[in-house]
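Everything numeric in this text was worked out from a predicted model, so none of it was measured. Letters A, B, ... mirror the listed sequences (proteins, then strands); counts begin at 1.
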Protein chains: 2
Amino acid sequence: MKSKQSPSRKRPCVAEALAKEIFSGTYQPGDFVPREVDLCERFALNRSAVRSDLRQLVDAGIIERISGHGSKVREYPEWNILDAQVTEWMTRYAAPNPGVQREILAFRLDVEPYVAMTAAKHATAHDLVAIEEAFNGMGSDLDDTTVNRDGRLHSDYDIAFHVAIFKATHNIVWSQLSHILRPSILLLIETSNVSASDPAESLERHRSLMESIRARRPRDAFRASQAVLAGTASALGLEIPDTPLGYSAELLSET
Amino acid sequence: MKSKQSPSRKRPCVAEALAKEIFSGTYQPGDFVPREVDLCERFALNRSAVRSDLRQLVDAGIIERISGHGSKVREYPEWNILDAQVTEWMTRYAAPNPGVQREILAFRLDVEPYVAMTAAKHATAHDLVAIEEAFNGMGSDLDDTTVNRDGRLHSDYDIAFHVAIFKATHNIVWSQLSHILRPSILLLIETSNVSASDPAESLERHRSLMESIRARRPRDAFRASQAVLAGTASALGLEIPDTPLGYSAELLSET
DNA sequence: CGCTGGCATATGTCGAACATTTCGACAAGG
DNA sequence: CCTTGTCGAAATGTTCGACATATGCCAGCG
């Protein structure tokens, strides 16, 4: 017999549990999380395991360990939101503050048309397959239940669609950036109950984007991506303080 | 008396030492790094400390730990190059393969004009101070020795200049992205022995960019940033396979 | 021939002890 | 009264040794 009371579960992840509490506001920037010994007691783990998990939070820039004093939650701007694990937690446990989400959204509105453009230039047959599969998933989901059964399936396909386009750029930076955009994509989808706007219309915009990439027409892809973003954003009555459509619109019109 | 033979040095960082060997090619993707026990012996550390440091490499996506088998170096595309620590190592120990550096450079050429544009819209007085201080550092360095004494000082100011512009966007994503561009900036500066082109001319381009941001003229900042990048790139006879100047040039001309 | 069981190896976890750093309290001294 | 030095409590950092678990290999057996 082990000393652990529950031999079934693999191991409780202290990092995840703590991250959940931090993200939900139980511990805020400046606060100190419980001592290592207390965490050991809470999760029935050894200090080694606890410290190992805590290390992950340190690497993510979420907490700062002060020798002999404790572990302090760092300020939001210091969090490494470009870390895939951090954005994973973001998708699960809401954003720490809405401001971050809005900034990520603004970033998307700025760059995604470019990404679509680059994808149209570099996409291979393999990339197109991935894009098309995601698109078909979105379509079938809509066909099945007119809307979507639980929101999960459709959002998964939607995310896969956008991520596939990022990967089609064949640029490692863009590809990895797709991870951090997942919380934003998910937020948009969940907030704007897709049925709010016309689902078929949204699907048609996505199709147009896909076809532009397939036909290798960068400028069409650029505009199609703008349309997709604008459609989604307006569907939930969302407005970005400034640069509503990124710099692109301005550039296109002024010149 | 301690059990350690060298009480002077703080502690050897296994993660850093291993990263150096991995980045320099001693261990390549697919290879297995030495066992934990061997690493303990090599660095005269305990397994706990070694494992703690190894955890950092895992979080960075550089190695993958297979229980009961060993720690394997992951493929380059799986490395989390958006991690600040990874790019820090990149700047110190050259890139694992030139392809990654070129992709990062391509990314810069694509987005930096945008960043400059956004900075011109959102920069505060505080941001302008940071930009100006970096610029003055570049200038004084050139004035002092006509070129630069060791390349370190000038490159530091150059990096600070670009980073300050990223931060001036007041967008957390752009701000954090500035970290990953540091290796690229450093590479450009070091490769293109600044004296190769006209230093004064390069400085003038930077000044133009700074002034455009100060005057809050986004479109001028956009073009000034393009000029800076083009100047640096052409100075070292560097050519990017496609999209030499990003999508921007194409957009500006066609429309 | 294929499956299965055990064995070796290396990582994963555990527990206790000691070292080091930090902060705060308290007393001596200016 | 304020400053300063020292001590001690508290928490993190490090070390050691042992056991648990997962993986791969190979021999033995049906």
Side-chain angles (χ1 to χ4, degrees), chain A residues 1-19 21-22 27 29-74 78 85, chain B residues 1-19 21-22 27 29-74 78 85:
Chain A
M1 192 67 69
K2 325 291 175 51
S3 56
K4 300 172 63 175
Q5 71 290 5
S6 66
S8 55
R9 241 71 120 295
K10 287 190 171 185
R11 298 106 207 168
C13 182
V14 180
E16 177 128 3
L18 257 190
E21 294 189 332
I22 293 175
Y27 302 110
D31 292 352
F32 280 78
V33 300
R35 314 181 320 202
E36 295 178 352
V37 185
D38 290 339
L39 292 175
C40 296
E41 188 177 348
R42 224 184 99 186
F43 297 97
L45 283 178
N46 190 278
R47 247 188 83 193
S48 306
V50 169
R51 285 182 57 79
S52 176
D53 276 21
L54 245 42
R55 175 72 182 245
Q56 191 176 357
L57 293 178
V58 172
D59 287 344
I62 295 178
I63 67 174
E64 175 188 11
R65 309 178 74 172
I66 307 172
S67 174
H69 191 50
S71 298
K72 187 173 62 176
V73 179
R74 303 178 73 178
E78 303 189 86
Q85 182 65 76
Chain B
M1 189 68 70
K2 325 289 177 52
S3 56
K4 298 172 64 176
Q5 71 290 4
S6 64
S8 55
R9 239 73 118 294
K10 288 188 172 184
R11 289 107 212 170
C13 179
V14 180
E16 177 128 3
L18 257 190
E21 294 189 332
I22 293 175
Y27 303 110
D31 293 351
F32 280 78
V33 301
R35 314 181 317 200
E36 295 178 353
V37 185
D38 292 338
L39 292 176
C40 295
E41 189 178 348
R42 226 183 98 184
F43 296 97
L45 283 178
N46 190 278
R47 249 188 83 196
S48 305
V50 169
R51 284 181 57 78
S52 176
D53 277 21
L54 244 42
R55 174 69 183 245
Q56 191 175 357
L57 293 178
V58 172
D59 287 344
I62 294 179
I63 66 174
E64 173 188 13
R65 308 179 74 175
I66 306 172
S67 174
H69 192 52
S71 298
K72 187 173 61 175
V73 179
R74 303 178 72 178
E78 301 189 87
Q85 182 66 76

How close or far is atom P of C:dT13 from atom CZ of A:R55, stated in whole angstroms? 16 Å

With respect to the phosphate group of D:dC16, does any side-chain polar atom (N or O) of B:N46 fall under 4.0 Å of OP1 or OP2? yes

Donor/acceptor link under 3.5 angstrom from B:R47 side chain onto base of D:dG17: no

Please confirm whether the shortest side-chain N or O distance from B:R51 to OP1 or OP2 of C:dT11 is below 4.0 Å. no

Starting at CZ of A:R65 and ending at C1' of D:dT12, how long is that distance when rounded to a whole Å? 7 Å

Which atom of A:I63 lies closest to which atom of A:S71, heavy atoms considered: CD1-CB, 4.3 Å

Check the distance between C:dT9's P and B:H69's NE2 and give it to me in whole angstrom. 14 Å

Measure the shortest side-chain to side-chain distance between A:R51 and B:R51 over non-hydrogen atoms and say whether it is less than 4.5 angstrom. no

Candidates C:dG15, C:dA10, C:dT13 - which lies nearest the side chain of A:S48: C:dG15

Give the rounded distance in Å between these two atoms: CZ of B:F32 and C1' of C:dT9. 12 Å

With nearest nucleotides of DNA chain D determined for A:S67 and B:G68 from heavy-atom distances, which residue corresponds to the more 5′ nucleotide? A:S67

What's the closest nucleotide to the side chain of B:A49 if the choices are D:dG13, D:dT15, C:dG12? D:dT15

Of D:dT12, C:dT11, D:dT15, the nucleotide closest to the side chain of B:E36 is C:dT11

Taking all non-hydrogen atoms of both residues, which atom of B:S52 and which atom of A:R55 are closest, and how far apart? OG-NH1, 2.9 Å

How many whole angstroms separate atom CD of B:E41 from atom P of C:dA10? 13 Å

Distance check: side-chain N/O of B:R35 vs OP1/OP2 of C:dT11, anything under 4.0 Å? no

Could you tell me the separation between the CZ atom of B:R11 and the C1' atom of D:dT12, rounded to a whole number of Å? 11 Å

CD1 of B:I66 versus P of D:dG24: gap in Å, rounded? 7 Å

State whether A:R42 and A:E21 are salt-bridged, where the test is any N-O pair (Lys NZ or Arg NE/NH1/NH2 against Asp/Glu carboxylate O) under 4.0 Å. yes

Atom-to-atom span, CD of B:E64 to C1' of D:dA22 - whole angstrom: 14 Å

Would you find more than 12 non-hydrogen atoms of other residues, nucleotides or ligands less than 6.0 Å from A:E64 atom CD? yes

